[in-house]
Amino acid sequence: MSYEFAKIAAYTLSSNGIKAYLFDKVHPVPMLSFAVRKLHCIAGIMITASHNPKEYNGYKVYGEDGAQMSPEATAEVVKYINDIKSPLFEGVLFKDGVKKRVKEIGKKVDVAYYKRIKKLILSPKEIKAVGKTIKPVYTPVHGSGYIPVTTVLHELGIDPYIVKEQTDPDSEFSTVNVPNPEYKETLSMGISLAEEKKADMVFGTDPDCDRLGVAVRDDKGEFVVLSGNQTGILLTDYILSRLKEKKKLNKKGFLVKSFVTTGLVKKIADDYGVELFDVPVGFKYIGEKIKQYDDTGKKKFIFAFEESCGYLRGTHARDKDAVVASMLFAEMFCYYSYHGISVYEKLNEIYKKFGYAFDTAVSKNYSGISAMAEMNAAVDKMRTTDVWEIAGENILARRDYKTLERKTPDGKTESVNCSETNALYYELSNGSFICLRPSGTEPKLKVYYSVTGESKEAAEERFNKLKAGFETLLN
């Protein structure tokens, strides 16, 4: 019923004297964000359940900058919603015959979007040389990515195999348990097709096409699914290295990531001499940083990502963009193939240079109407626990994102330049950290671990010790 809901939203706006544009068919989240900016709109509405079951179909609102509305702006809107006591509230008009005042968005916006994102390509020579020979498999997982992703790849000369059973939009998501590309199972049909076709890589986008999942062949020729952190590490290093090679790495350039995303990004950013901003979970906070620095000309936005498989390059949109991420990953694959190295080998080169990063999240489930209150209470209890050691390791500092204060063991404090959210962040040696926060979308208390070591085995061993120590503390 997403299209029907979208029409009702457009007709309601039109009834109340507000010009409304309406997409005529399913489109990804980033193309809605782009259209808000392209058409100089004051806001945008996206009807989507994302990768959740159809019962969770939702209503996302975007500001005039194309980013999801800030908490402050959302609070203002909620005040108006709360003033409406009845669906028959007289202050909102629902008129007949408004369809003619709703303007349908045509292909011009789509074409402008494709033209804009192709300007982000950094390795046209390598794409032209090997693009026709690489063999990717793509699945839109029953969602909105099929047309935009295949359109962009075909325009680059890359012809992917398509998982036909997952091509058509399907609100039942009938071929997967959960259509979230963070999970290996979501890419299983793509991996099966890749084995059959002897393909090089598999990538899939979630139903509203703002997240990208990737599988590549390892040094034994077997498919491994990359985590959102690993894909982000690869894309960050690739983009920065290519900009540097082309002498286009801006001295005022900056990266953005959520503070629960791998600590390895900081080492990469420092190595290339670019600034890195940490923000709370949610791409709206990344959009705020772009607005604060790039829109004002103070700094130059380069790349942003979250560990949950969301990536953005370019300022055409202000939300994660899996169309661009698919294009970038395919481009990167072409570049490394042209230079005789695999993506998997490149990932291990990065680990060898900066140390292996073991990144994972562990969740504790809650249930019932008081779940959110119980989760917040658990974080509050940790907030009052004065601890400076976990599993024999010293805590270098603790960041409290609710009070926006960073405290060290000697009692010194300083302010944290970040938006307020209920989370605690424990800084450990060598860029490692543990972060505790309640999920904003599910009844889960989440603990994020980013643990480095000289090898994968060393990092995992360190993680196991820290996990056991932190869970004892938490309980």
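- Between the Asp200 side chain and the Lys135 main chain, a donor and an acceptor come within less than 3.5 Å of each other.
- Heavy-atom neighbours of Asn177 CG from other residues, nucleotides or ligands within 6.0 Å: at or below the threshold of 12.
- Around atom OH of Tyr338, no more than 12 heavy atoms belonging to other residues, nucleotides or ligands sit under 6.0 Å away.
- Contact record, Phe305 with Thr262: CZ-CG2, 4.2 Å, taken as the closest heavy-atom pair.
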request  = Please lay out, stage by stage, how Lys103 and Leu22 fare under the test side-chain contact (heavy atoms from CB on, under 4.5 Å).
outcome  = CA-CA 6 Å; Lys103 186 172 178 60; Leu22 179 66; over 6 Å; no
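- Applying the ring-ring contact (aromatic ring centres under 6.0 Å, His included) definition to pairs two or more places apart or across chains, none involves residues 151-178.
- Inspection of the Ser241 and Asp237 side chains reveals no N or O donor paired with an N or O acceptor under 3.5 Å.
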inquiry  = The test is side-chain contact (heavy atoms from CB on, under 4.5 Å); show your working for Tyr272 and Lys244 and say whether it passes.
reply    = CA-CA 8 Å; Tyr272 284 96; Lys244 185 177 180 180; 4.0 Å; yes
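- Side chain of Asn376 to main chain of Met372: a donor-acceptor pair is present (N/O by atom type, distance under 3.5 Å, no hydrogens or angles).
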message = Assess the residue pair Leu156 and Lys128 against the criterion (side-chain contact (heavy atoms from CB on, under 4.5 Å)); give the C-alpha distance rounded to whole Å, side-chain angles, the decisive distance to 0.1 Å, and a yes or no.
response = CA-CA 8 Å; Leu156 297 182; Lys128 187 175 182 180; over 6 Å; no
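- For the atom pair OH (Tyr285) and OG (Ser258), the distance works out to 11.5 Å, reported to the nearest 0.5 Å.
- Residue pairs meeting the ring-ring contact (aromatic ring centres under 6.0 Å, His included) criterion with at least one partner in residues 186-209, sequence neighbours excluded, are Tyr138-Phe203.
- Side-chain N or O atoms of Asn348 include one that pairs as donor or acceptor with a backbone N or O of Tyr344 at under 3.5 Å.
- Atoms CD1 and CZ, from Ile158 and Phe333 in turn, are 10.0 Å apart once rounded to the nearest 0.5 Å.
- Other residues, nucleotides and ligands place more than 12 heavy atoms under 6.0 Å from the NZ atom of Lys246.
- Donor-acceptor pairing under 3.5 Å is recorded for the side chains of Thr452 and Ser432.
- Rounding to the nearest 0.5 angstrom, the gap separating the OH atom in Tyr366 from the OG atom in Ser439 is 12.5 Å.
- Side chain to side chain, Glu331 and Tyr238 meet the donor-acceptor criterion of an N or O pair below 3.5 Å.
- Ion pairing between a basic and an acidic side chain is recognised when a charged N comes within 4.0 Å of a carboxylate O; Lys346 and Glu349 show such pairing.
- Within the 3.5 Å criterion, the main-chain N or O of Leu187 finds no donor-acceptor partner in the side chain of Thr139.
- Less than 6.0 angstrom separates the ring centroid of Tyr425 from the ring centroid of Phe433.
- Of the charged side-chain nitrogens involved, none lies within less than 4.0 Å of a carboxylate oxygen, so that Glu427 and Arg398 do not count as a salt-bridged pair.
- Applying the 6.0 Å contact sphere to NZ of Lys60 captures more than 12 heavy atoms from other residues, nucleotides or ligands.
- Cys209 and Gly145 get closest at one heavy-atom pair: SG-CA, 3.6 Å.
- In this pair, Phe470 and Tyr426 present their aromatic rings perpendicular. The plane angle is above 60°, beyond the 30 to 60° band.
- A salt bridge between Asp271 and Lys353 is present, with a side-chain N of the basic residue lying under 4.0 Å from a carboxylate O of the acidic one.
- Between Val202 and Val214, every side-chain heavy-atom pair lies at or beyond the 4.5 Å cut-off.
- Checked against a 6.0 Å centroid threshold, the rings of Phe5 and Tyr59 do not count as neighbours.
- Ion pairing between a basic and an acidic side chain is recognised when a charged N comes within 4.0 Å of a carboxylate O; Arg37 and Asp65 show no such pairing.
- Contact detail for Leu436 and Met382: the closest heavy-atom pair is CD2-CG, 3.8 Å.
- Between Arg313 and Ile302, the shortest heavy-atom distance links the atoms NH1-O, 3.2 Å.
- We find that Arg211 and Glu306 are not joined by a salt bridge, their nearest charged nitrogen and carboxylate oxygen being 4.0 Å or further apart.
- For the residue pair Asp321/Tyr113, the side-chain donor-acceptor check at 3.5 Å is satisfied.
- Annotation for Asn52 and Tyr56: closest pair CB-CB, 3.9 Å, computed over non-hydrogen atoms.
- Under a 3.5 Å cut-off, the side chain of Thr167 and the backbone N or O of Val163 do form a donor-acceptor pair.
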request  = Begin from the C-alpha positions of Phe358 and Tyr449 and carry the test ring-ring contact (aromatic ring centres under 6.0 Å, His included) through to its verdict.
outcome  = CA-CA 8 Å; Phe358 185 87; Tyr449 296 89; 8.8 Å; no
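- In this structure a side-chain-to-backbone donor-acceptor pair under 3.5 Å is present from Lys267 to Phe354.
- The cationic atom of Lys289 (NZ for Lys, CZ for Arg) lies less than 6.0 Å from the six-membered ring centre of Phe277 and within 45° of the ring axis.
- A pairwise comparison of heavy atoms in Thr150 and Ile147 identifies OG1-O, 3.3 Å as the closest pair.
- A salt bridge links Arg318 to Asp295: at least one charged side-chain nitrogen sits closer than 4.0 Å to a carboxylate oxygen.
- Remark: Asn180 CG to Glu185 CD distance equals 10.5 Å, nearest 0.5 Å.
- Atom CD of Glu393 sits about 5.5 Å away from atom CG of Leu428, to the nearest 0.5 Å.
- Counting only distance, with no hydrogens or angles, the side chain of Tyr311 and the backbone of Gly228 share a donor-acceptor pair below 3.5 Å.
- Counting heavy-atom neighbours within 6.0 Å of Glu454 CD, excluding the residue itself, gives a total of 12 or less.
- For the residue pair Asp208 / Ser144, no side-chain donor-acceptor distance below 3.5 Å is found, with atom types taken as modelled.
- Proximity of a side-chain donor or acceptor of Asn365 to a complementary backbone N or O of Lys444 within less than 3.5 Å is not detected.
- Salt bridge status for Arg242 with Glu245: present, with a side-chain N to carboxylate O gap under 4.0 Å.
- Taking NZ from Lys299 and OH from Tyr293, the interatomic distance works out to 6.0 Å, rounded to the nearest 0.5 Å.
- Residues passing the side chain to side chain contact (heavy atoms under 4.5 Å, CB included) test with Ile8, sequence neighbours excluded: Thr12.
- Looking only at atom types and distance, the side chain of Thr48 has no donor-acceptor partner in the side chain of Asn57 under 3.5 Å away.
- A salt bridge does not link Arg217 to Glu222: none of the charged nitrogens lies less than 4.0 Å from a carboxylate oxygen.
- With Thr205 contributing its side chain and Leu212 its backbone, the two residues share no donor-acceptor pair below 3.5 Å.
- Formation of a donor-acceptor pair under 3.5 Å by the Lys257 side chain with backbone atoms of Val265 is not found in this model.
- Side chains of Asp319 and Gln68: a donor on one and an acceptor on the other come within 3.5 Å.
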